[in-house]
Amino acid sequence: MARILSEFDGLRLHDKSGFHIGPKCSKHPAKRCLHTAPVRPIMPMEKTFDAREAEPRIYADWESKGCFKAGANAKPGAETFSIVIPPPNVTGSLHMGHALNNTLQDVLTRWHRMRGFDTLWQPGTDHAGIATQMVVERKLNDEGKKRTDFSREDFIAEIWKWKEESGGTILNQLKRLGASCDWERERFTMDEGLSAAVRKTFVEMYNKDLIYKGKRLVNWDPHFETAISDLEVENIEMPGHMWHFKYPLADGATYEYVEKDEDGNVTLRETRDYISIATTRPETMLGDGAVAVHPDDERYAPIVGKLCEIPVGPKEHRRLIPIITDEYPDPDFGSGAVKITGAHDFNDYQVAKRGNIPMYSLMDTKGAMRADGKPYAEEAAIAQAIANGEREFDENMVAAMNLVPDEYRGLDRFEARARVVADITAEGLAVMVPNLVIPDAEGEPESQETDEIPGQAGDDSAPAMIPLIDSKPIMQPFGDRSKVVIEPMLTDQWFVDAHTLAQPAIEAVRNGDTKIVPKQWENTYFRWLEDIQPWCISRQLWWGHQVPVWYDEDENAYCAENEEAAVALSGGKSLTRDPDVLDTWFSSALWPFSTMGWPEETPELAKYYPTSVLITGFDIIFFWVARMMMAGLEFMKDDNGKPEIPFHDVYVHALVRDEKGAKMSKSVGNVIDPLDLIDGIDADGLVKKRTTGLNRPEDAPKIAKQTRAEYPDGFEAFGADALRFTLTSMAAMGRDIKLSVERIKGYRNFGTKLWNAARFAEFNACERDPDFDPAAATQTVNKWIIGETAKTREAYDEALSNYRFNDVASTIYAHVYFLCDWYVEFSKPLLSGEDGAEKAETKATVVWAIDQCLLMLHPIMPFITEELWQVTGGKGVLMHTDWPTYTHADLCDAEAEAEMRWTISLIEAIRSVRAEMNVPAGAKIEMLLTDFDMEAAQRLLRQSALISKMARLSEAAVGNEAPAGSIVTAVEGATVNLPLADVIDVTVEKTRLTKALGKLEKEIGGLSGKLSNEKFLAKAPADVVEEQKERLAAAQAEKDKLQAAVGRLEAMG
RNA sequence: GGGCGCGUAGCUCAGUGGGAGAGCACCUCGUUGACAUCGAGGGGGUCGCUGGUUCAAUCCCAGCCGCGCCCA
């Protein structure tokens, strides 16, 4: 519906309803005011855009019209453009990272769709194994139920129920953001189709030995009681301790222990009956299989091959273990001797494998000391026989043995640590040092820290000797979801031979088939893939894709896509399925093709795979990008059977941080929910949000205070457009985004600016002219803005083609402001002039120019632009309107451009003087150009109306002589004289001119120095030399003009 | 320890081998018929430091200082 007020040029109503308010206008009593125009039920545009009301309405409209469907708005035979969404966790809710990620995808998708590409943005969610199981378990707990109250099937049914009810949250939030995904194609990694893809890939890889099962040391999460992959472990430096214990030599043997300094001088010589071992994990001593020293370490050479005693456990059953050599121990670290606990440490595991040292598992799935198996005495005896070399052993036998002494069985691992330390210390087998009072760096006495360290009694009596305990930071592994300390555990797990799969994935990026942007991330990608470890894909969870492997009674494995096939493989045996499920990322790795229907050969797959670009954060390059590359290249083949990449480009964007640069986190209380910026939230709501559900509830008051101080009024409803524009404008390559609420506000205001430009067009009855040809414009101002628009369009497309999102945003932002500041003002005289061809052309140009802004802004700010398009009677939907293809070369009129640039510079010069001289804004003054060239005179003649209006001149003329008492400034080709004798202060004016001259002289000095340098003239490119010459001439000319003005001032006295 | 990145205006950040930019903040003026969610004008930076390459370096190279991230 067109709402053009063609009969009421300049009509302005203060009442939003569109009815005029009364017979007298209170606002403009003295003027001719159209508020007194006849009452008419019309609907002018609202004064501002109400995002909260309009955005959901507009989105619903697009959706109902099928605007997002794959292929919508595609030109016949168009190229395809496809993106698969990084599937958010089904449990997720939208955070800033999603907002950024999806805004960028939407910008690209909308842009291509408008350009007529056959476009698919494939949406969906990820089943997120641990996260989802966690959410549902918590919900059941709230209902007083436990997971173990359910059968596996029933529990999974509970999760599906939850998914149906609550799983769509994040997708609805993406809609609120404006994401133009093809929702009809929504997929979920646990869908039947995607599950079939998982089974098929597993079976194929199994059959190629790319997947295998084995007992390996893996990262074990004692909270979730499952293995996790290396990537799901976060190593965090924590304050820790290193204890030093004596492992007595067997049978009271002794040796000469000698320490030397670098020059070989003996610094210590004593007879020892023990070997000193340093450890950060005393509880694992129970599982030691050996003590290792470096083969070159002379200190221990005398005792290599001998046995020593683990100084813990019942005395009568102390285990003896061999002292071996291995390259792993660092002689300069600690005592240089390392205990080897193959089942609980990754380094020890390697040593144990090399040395065929038994690896004794000490803990159960919850991280407590084992309580199963035979009594300690029996187990210890067997272990001793192994250590003595009297007994053969194998992996499984050793794994079954429980070497935890009876008194420690069932203890939590940290409790066990304290007990072990206390027991050893009590027995006098801790290494002791004098209890020195050590001066610290500031020279103040400070005793060795003894707080809460197991093994050191908090005794006031200050004993002479205390146990040697180093307090120092140690790296500890934590589960990225559970936040508990990860335990290396020796378990049977499924692995993917990632090394083999990585080679084609490396090659595809190296040879440019897939391009990573910004390029620096390629290094990260290569480094990880080149050193990739086997990928542990099995999880001891219930929610996920169950491993498609069945076992018969003899543990023979049959891998097949379903049970019938497995049974057939086994020759008809009765089989049991492997209970493990797969790492969620296993199914995510298939996402680019599984969502398109693979393993079926669907038309979508043929059309949209490989996808055009993947937009993702750097934090999942390893988790996801690299694995999709591996899976794609392994399973997808083009018509010639050549492995096919999943995407041509990978654009890696930054992390969104808070305004101060801190990572947004619940516990810090600095999280900003994108939806709160879109729809607004008051301070109470924000505080409530940030302080509920904290891990540390005691932080709530602090967080509340911080929040109120920072955002005393909460957030206004800035709308999705403003947030999107902000994120786009800040998405510069290679740097994190510090999100500023002020900046969002600024871009909301930018939307209002655009809105008002459209209102201006409406008030002036500027209607779209279907026959308007921008190349045929006749008026200088029109030709000029058309050329400027074309320039902007080219710069925009160039930037977006290169994923330079921030450049795109600033290009269109600057253009809109330029249009409003200058063209809109310039158009006014033409619009209020006589009816005629010029006026008609200008009206059409105004609409055209604003429409071009709407088009170019639409990918970033889809809502307000669509609303403006439709409110002003645009045809169809803006999101399916064709993208412009004109170029600056097509539409530029060089003369018009030069003339308008000159006009602008003159207006700016006059305004500047007026402001500096404090000429009242309302006062009209005269202007006279002197020393003018013909071009300047003609330009003034042609543009005097505009210049007079915008510079508030009563007269604009050319003349031969400057009037006395003029203030002077310069433009290209003329001296500008403003006769302001009554306001002029000779001293002030002289100061102003002197300052300006100073700047010019500095510039002239630099330029002439350069131009008199023969080397510069000889070596610099000709165009650069020419440019410098022109600049020098211009500066010189301006200097002359100002100099003359100074002369005249001095003549005045 | 290895790798990557960053240091430009008070703040947040663009940018370029040849005239230092934007937004916000700040100061002055202003209800001019689109817009006070606004307009006009203005101040403010030895482009981290030191060397090198070059006719020319904020930009390229090396070293140093400071900060961040990833990996061990």
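For the 3.5 Å distance criterion, the side chains of E908(A) and S905(A) fail to qualify, holding no donor opposite an acceptor.
In this structure, C47(B) forms no base pair with any nucleotide, since neither Watson-Crick nor G-U wobble geometry is met with both distances under 3.5 Å. Nucleotide C29(B) forms a pair with G39(B), judged by Watson-Crick or G-U wobble geometry with both contacts under 3.5 Å. Across every strand in view, G66(B) sits in a pair with C6(B) that passes the Watson-Crick or G-U test at under 3.5 angstrom. Remark: C59(B) base-pairs with no nucleotide in the shown strands. Criterion, Watson-Crick or G-U wobble with two distances under 3.5 Å. Applying the Watson-Crick and G-U wobble criteria (two distances, each under 3.5 Å), U53(B) pairs with nothing in any strand. Pairing of C11(B), defined by two Watson-Crick or G-U wobble distances under 3.5 Å, is identified with G23(B).
Spacing of C1' atoms, C26(B) relative to G10(B), comes out at 8 Å, to the nearest Å. Spacing of P atoms, G41(B) relative to A22(B), comes out at 12 Å, to the nearest Å. Only the P atoms considered, C38(B) is 26 Å distant from G44(B), to the nearest whole Å. Rounded to whole Å, the separation between the P atoms of G48(B) and U58(B) comes to 10 Å. Only the C1' atoms considered, C59(B) is 28 Å distant from G2(B), to the nearest whole Å. Nucleotides G1(B) and A14(B), compared at atom C1', are 35 Å apart to the nearest Å. Taking atom C1' on both nucleotides, U12(B) is separated from G17(B) by 27 Å, rounded to a whole Å. The separation of G43(B) from U28(B), taken at their P atoms, amounts to 15 Å, rounded to a whole angstrom.
Note on K828(A): a base of the nucleic acid sits closer than 4.0 angstrom, heavy atoms only. Across all strands shown, R911(A) has heavy atoms under 4.0 Å from sugar-phosphate atoms exclusively, and none from any base. Within the nucleic acid shown, Y817(A) comes within 4.0 Å of sugar-phosphate atoms alone, with no base atom in reach, counting heavy atoms only. No engagement by R914(A) is indicated, since no non-hydrogen atom pair under 4.0 Å with the nucleic acid exists. Residue-level contact check: P1021(A) touches the bases, meaning some heavy atom is under 4.0 Å from a base atom. E825(A) comes within contact range of at least one nucleobase, with a heavy-atom separation under 4.0 Å. The residue K738(A) sits close only to the backbone: its heavy atoms come under 4.0 Å of sugar-phosphate atoms, none of a base. At a threshold of 4.0 angstrom between heavy atoms, the contacts of D531(A) with the nucleic acid are absent.
In this structure, the nucleotide among G43(B), U12(B), A40(B) sitting nearest to the side chain of M730(A) is U12(B). For F622(A), the listed nucleotide lying nearest its side chain is C70(B); candidates were A34(B), G43(B), C70(B). Closest to the R748(A) side chain, of the nucleotides A34(B), U37(B), G30(B), is U37(B). Looking at the side chain of N756(A), the nearest of the listed nucleotides A34(B), C4(B), U37(B) is A34(B). Of the candidates G41(B), G30(B), C38(B), the closest approach to any side-chain atom of E908(A) belongs to G41(B). For Q1028(A), the side-chain atoms get nearest to G18(B) when compared with the rest of G18(B), G41(B), C4(B). Side-chain proximity of R743(A) to A34(B), G23(B), G15(B): nearest is G23(B). Distance from the side chain of R804(A) is smallest to G15(B) among C35(B), G15(B), U37(B). Distance from the side chain of K1010(A) is smallest to G19(B) among A34(B), G19(B), C55(B).
With respect to the salt-bridge test (charged N to carboxylate O, under 4.0 angstrom), the residues E46(A) and R759(A) do not qualify. The pair R510(A)-E522(A) does not count as a salt bridge, with every side-chain nitrogen at least 4.0 angstrom from each carboxylate oxygen. For E716(A) and R748(A), the salt-bridge test passes: some basic side-chain N is under 4.0 Å from an acidic carboxylate O. With respect to D851(A) and R768(A), a salt bridge is recorded, a charged nitrogen being found less than 4.0 Å from a carboxylate O.
Nearest-nucleotide assignment on RNA chain B puts the 5′-proximal partner with L1007(A), out of K1019(A) and L1007(A). Comparing L1017(A) and R1031(A), the nucleotide of RNA chain B nearest to each residue sits closer to the 5' end for R1031(A).
A straight line from CD of E1038(A) to C1' of G19(B) spans 13 Å, rounded to a whole angstrom. The nearest whole Å value for the distance from the CH2 atom in W528(A) to the P atom in A72(B) is 11 Å. Counting to the nearest Å, the C1' atom of G39(B) and the CE atom of M950(A) are 11 Å from each other. Summarising the geometry, the separation between CG on D50(A) and P on U37(B) is reported as 15 Å, rounded to the nearest angstrom. Distance CD (E234(A)) to C1' (A72(B)): 16 Å, rounded to an integer number of Å. Spacing between atom CZ of R952(A) and atom P of C29(B) amounts to 18 Å, rounded to whole angstrom units. Between the P atom of C13(B) and the CD atom of E742(A) lies a distance of 15 Å, rounded to the nearest Å. For the pair D721(A) CG and U37(B) C1', the interatomic distance rounds to 15 Å; values are reported in whole Å.
Using a 30° and 60° split on the angle between ring planes, F750(A) and Y747(A) fall in the perpendicular class, above 60°.
The side chain of N235(A) contributes an N or O atom lying less than 4.0 Å from OP1 or OP2 of A72(B). Within the structure, a side-chain polar atom (N or O) of S912(A) is placed less than 4.0 Å from OP1 or OP2 of G42(B). For N749(A), a side-chain nitrogen or oxygen approaches OP1 or OP2 of C38(B) to under 4.0 Å. Not one side-chain nitrogen or oxygen of K47(A) sits closer than 4.0 Å to the OP1 or OP2 atom of U37(B).
For the pair R627(A) and F622(A), the cation-pi criterion (under 6.0 Å, within 45° of the ring axis) is not fulfilled. Figure legend: R527(A) and W521(A) shown without cation-pi pairing, the cationic atom not lying both under 6.0 angstrom from the six-membered ring centre and within 45 degrees of its axis.
Between W528(A) and A626(A), the shortest heavy-atom contact is CZ3-CB, 3.6 Å.
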